[in-house]
Structures are given as C-alpha cells and as structure tokens.
Engineer: 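Can you keep this structure in mind? I'll have questions shortly.
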2 protein chains.
Amino acid sequence: MATGRRAKMMEETRAKLIRAARKAFAEKGYAAASMDELTAEAGLTRGALYHNFGDKKGLLRAVIDEIDAEMAEGARAARDRAETPWQGFIEEGVAYIEMALEPEIQRIMLLDGPAVLGDPAQWPGQNACLRTTTATIQALIEERTVRPVDAEAAARLVNGAALNAALWVAASDDPRAVLVKAIEAFRFLASGLLRERG
Amino acid sequence: MATGRRAKMMEETRAKLIRAARKAFAEKGYAAASMDELTAEAGLTRGALYHNFGDKKGLLRAVIDEIDAEMAEGARAARDRAETPWQGFIEEGVAYIEMALEPEIQRIMLLDGPAVLGDPAQWPGQNACLRTTTATIQALIEERTVRPVDAEAAARLVNGAALNAALWVAASDDPRAVLVKAIEAFRFLASGLLRERG
DNA sequence: CGGTTGACATACGCGGCGTATGTCCCGAGA
DNA sequence: TCTCGGGACATACGCCGCGTATGTCAACCG
C-alpha cells in the first residue's frame, strides 16, 4: 500500500491542525478560538483547514473523534484491570470521572462538543464511550448480575452521572477531596442496577 | 414603594427582551442568535439590550435565571404531589427528565448554558434545581431512608443522570417509548441510594 | 422652567468565518 | 525528459455580528 509522499504530508498536516485545535479549544473554548491563530500555531493557514476539514465544526468533529477514542481506550484499560465484570463496570465509571478532570476533556467533550454538535450519541465516531458502556452493561445483564433493563438507557444515565460529577469536581475548590465524595456517590447509584446487593 | 413609571417601563422592556431571547436562543441556539434580529423581534434595538444586560452573556444569564426558577418550581410541584418523601424525590427526578424534553430547556439549559457560562452550580441564581435536589436528598438522609452520603454529590449525579437521559430521549426517533425506558433506568439507579431496598 | 439624569437609539470599528481565486508542486503519461 | 492535469495549500475579499462611543429625548428636581 504505497502511501505516497502526498498522502503522508496530508496526514501530517491534519495531525498538526488537530494538535493545535485541541490546545486552542481546550484553553479558549470553541467559540473564542480563532482559526487564524490556531492555524498559525500549527505553521499553516486557514486554507489548509478548510481544505482538510471543511469548516470550523469539521475540525471540532475530528478533535472529538480523537479524544473520544482515547477515552474509550482508557475506560477499557480500567475495566480490564478489575477482577469481576461488575467491578470492571464500576472502574470504567470511575475512570470517566477521573478523565473528565482534565480541562481539555471538560471543555471540549462536555461543554463545547454537545453545544456545537448536538447530542453526543450522534457524533461522528458514534461516541465510543457510550458504546463501550452500553456493551458492558449488556454483558452484565446477560450474566444476571444486573437487573433486566434497557442497556443503552442505563449507559446513558451512568455516563451522564459520571460526567456531571466530573464537572462538579473540577469546578470545586478542593478537587481531590470532592472527587472521593463523587466516586462514593457514584458507587451507590450504580449499585441500584444490581439484581441483589453485594 | 412608588415604582415610578420609569421603573415600570424598564421592567417591561427587560421582560420583552427576555421573551424574545428565550425564543431565539431556543430556536437558533445561543451562538447563531443575532442580537439585531432578537431585539427587533421585541420592538427594540441593541441599545436597550446592552443598557439592561451588559452584553450577550448577560442576557443569557437572565434567561437562564428565569427558566431555572420555573424548573425548580415544577420540580417542587412534582415532589409535593407524591405520598412519601422518597416517592417525592423520584417524582422530582422524573419531572426533570420530562421538562428537559422541551427544546427550549434542552438547548438553553443543557447545551448552550454550560458551554457559555460554565459549571451550572456557579450560575447567577445559584441553580435552584440543584439546590432543591440537594435539600431533598439531605432530608432523606436525615430521615434514614437514604444511605449516609454527601448530599450535594448525590444531587449532582442524579441531576446529571436525569438531564442526560432527557437529551437522549429528545434526540431519539420515538421519544415516548424511549422516555419509559429512561424513567425505568432512572428509578433503578436512584434506588441505589436507598438504605435498604423497598 | 432650566438643568440633569437615565433609558434607549444610532453610528462606527474591529475581528472572525467562509469562499473565491491564485500558486506551486507532485506524479502520470508520451 | 517534458508536459500537463490535479490536488494541497496560501492569499484576498466580502459579509456579518458584537461591543462601544456618541447622540437624542423624555422624565424628574430644584
């Protein structure tokens, strides 16, 4: 598969733009981020941007795709570290809360993303986060650990709770202390899905 | 307290602007809503707007304050209709989900609001929604119905779950059917807070 | 009744997005 | 090797929207 030099440079250009965009969007927010400054930061101009991504929203979509994949991977890793499927589910949720402490994820994935692109479930990458959580819950239902419930519904609520918790933690004065409370509350809530209390 | 004619007109002007803003923000979103069109719709100009609200964000703050108060009132009404405190808590959550089905609330309170003004807990009206939920949970803890947990943390997660559920429902093809699933999942999750299962 | 204040309208400048147009270089074919 | 077409990116332009500075007119006050 001879990926000629042209295609190679193209990918490099896209990568540079996405890198600069992640930085700018995270620091200034989507609305306040200037395309001129952003592309200059990447050593390019707006021409490259509109050629590769169509428009400003297209760039945001690309950025979100990338971060979403990273988050899903992080969640998967957390789940794999656990001993039981249920523990894995909990760890996955905790991982989301902790990941969402990073300003970049907060600003881009939780605040600007939904506002600009609408409902996360209909995002380009189909939102890997939601899909993995849904699959996890579905497995737990089939395993008879979790009550028979609509897996997607549960995933939505659990994710929403986790991400909202993260927003709260990050905005607080003492994030570390508040994080503990958030995780505890999350465990309690999640336990409501159990068939019988452990 | 002689509210002179001036003050009276002032209030009327603010009300007209807020009314037009709710409509415009809900239909076009905050970013795409033009101040020129918005104020013209209200029979005024941008002069009135910047005089009364400072800037575009100021107008959004005022709009959010109003809607937040309405939502808190709706939640209170739902809670009061229930027979037990716990049922009241559940009904409050369900009410949030149902209210969030309105496009106006989705767009303004759930999408643009957080993106433009940041964390809801630090909003002007201090977010009546969150405060009422926190108080409700605190009461349930003291009543020994709910496990000893940080009330604010629980309120945050529950609210987050409810509002996220609403986003999901509203974006779905068959909102009515999905709403049922969402409410069921919400009840399960919330039951995780109970000291012992009912 | 003249002066002052405040509510609102009008006028202007700056900046940002998107697009139309231009330029250059790579790669294919004769 | 020379040519030439197309793609990747840069440059130039127009439009729109926000915020502010300035203007105007009506309501209070002495």
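Any value given below was found using the heavy atoms of this structure, including those in side chains, with hydrogens, waters and symmetry copies removed. Chain letters run A, B, ... following the sequence lines, proteins first and then strands; every chain starts at 1.
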Engineer: So A/Thr132 and A/Glu73, do their side chains get closer than 4.5 Å, heavy atoms only?
Structural biologist: no
Engineer: Between B/Val158 and B/Phe186, is any pair of side-chain heavy atoms under 4.5 Å apart?
Structural biologist: yes
Engineer: Looking only at non-hydrogen atoms, find the nearest pair between A/Ala182 and A/Trp168 and report the distance.
Structural biologist: CB-CZ3, 4.1 Å
Engineer: Can you check the A/Asp55 CG to D/dC15 P distance for me, whole Å?
Structural biologist: 21 Å
Engineer: Determine the contact category for B/Ala33: base if any of its heavy atoms lies under 4.0 Å from a base atom, sugar-phosphate if only primed atoms, P, OP1 or OP2 are that close, otherwise nothing.
Structural biologist: sugar-phosphate
Engineer: Tell me the interatomic distance from B/Lys56, atom NZ, to D/dT20, atom P, rounded to whole angstroms.
Structural biologist: 14 Å
Engineer: Starting at atom NZ of B/Lys57, determine the distance to atom C1' of D/dG19, rounded to an integer number of angstrom.
Structural biologist: 13 Å
Engineer: Which whole-number value in Å describes the distance from B/Leu59 CG to D/dG17 P?
Structural biologist: 16 Å
Engineer: Which whole-number value in Å describes the distance from A/Met35 CE to C/dC17 C1'?
Structural biologist: 9 Å
Engineer: Calculate the interatomic distance between B/Asp36 atom CG and D/dC18 atom P; express it in whole Å.
Structural biologist: 7 Å
Engineer: Roughly, in whole Å, what's the span from CG in B/Leu60 to C1' in D/dC18?
Structural biologist: 15 Å
Engineer: Look at A/Thr13 and D/dC9 and indicate whether a side-chain polar atom (N or O) is within less than 4.0 Å of OP1 or OP2.
Structural biologist: yes
Engineer: Using a strict threshold of under 4.0 Å (side-chain N to carboxylate O), is an ion pair present between B/Arg156 and B/Asp119?
Structural biologist: yes
Engineer: Using whole Å, what does the distance between atom P of nucleotide C/dG6 and atom CD of B/Glu11 come to?
Structural biologist: 17 Å
Engineer: Any chance NZ of A/Lys16 has more than 12 other-residue heavy atoms, nucleotides or ligands included, within less than 6.0 Å?
Structural biologist: yes
Engineer: Tell me which residues in residues 45-54 of chain B put a heavy atom below 4.0 Å from DNA chain D, sorted by number, or none.
Structural biologist: B/Arg46, B/Tyr50
Engineer: Taking the minimum atom-to-atom distance to the side chain of A/Leu44, which one of D/dC9, D/dG17, D/dC18 wins?
Structural biologist: D/dC9
Engineer: Between C/dA7, D/dC9, C/dG16, which one does the side chain of A/Ser34 approach most closely?
Structural biologist: C/dG16
Engineer: Under 3.5 Å, side chain of A/Asp150 to main-chain N/O of B/Lys181, donor-acceptor pair present?
Structural biologist: no
Engineer: Between A/Asp65 and A/Arg61, does at least one N-O distance fall below 4.0 Å, as a salt bridge requires?
Structural biologist: no
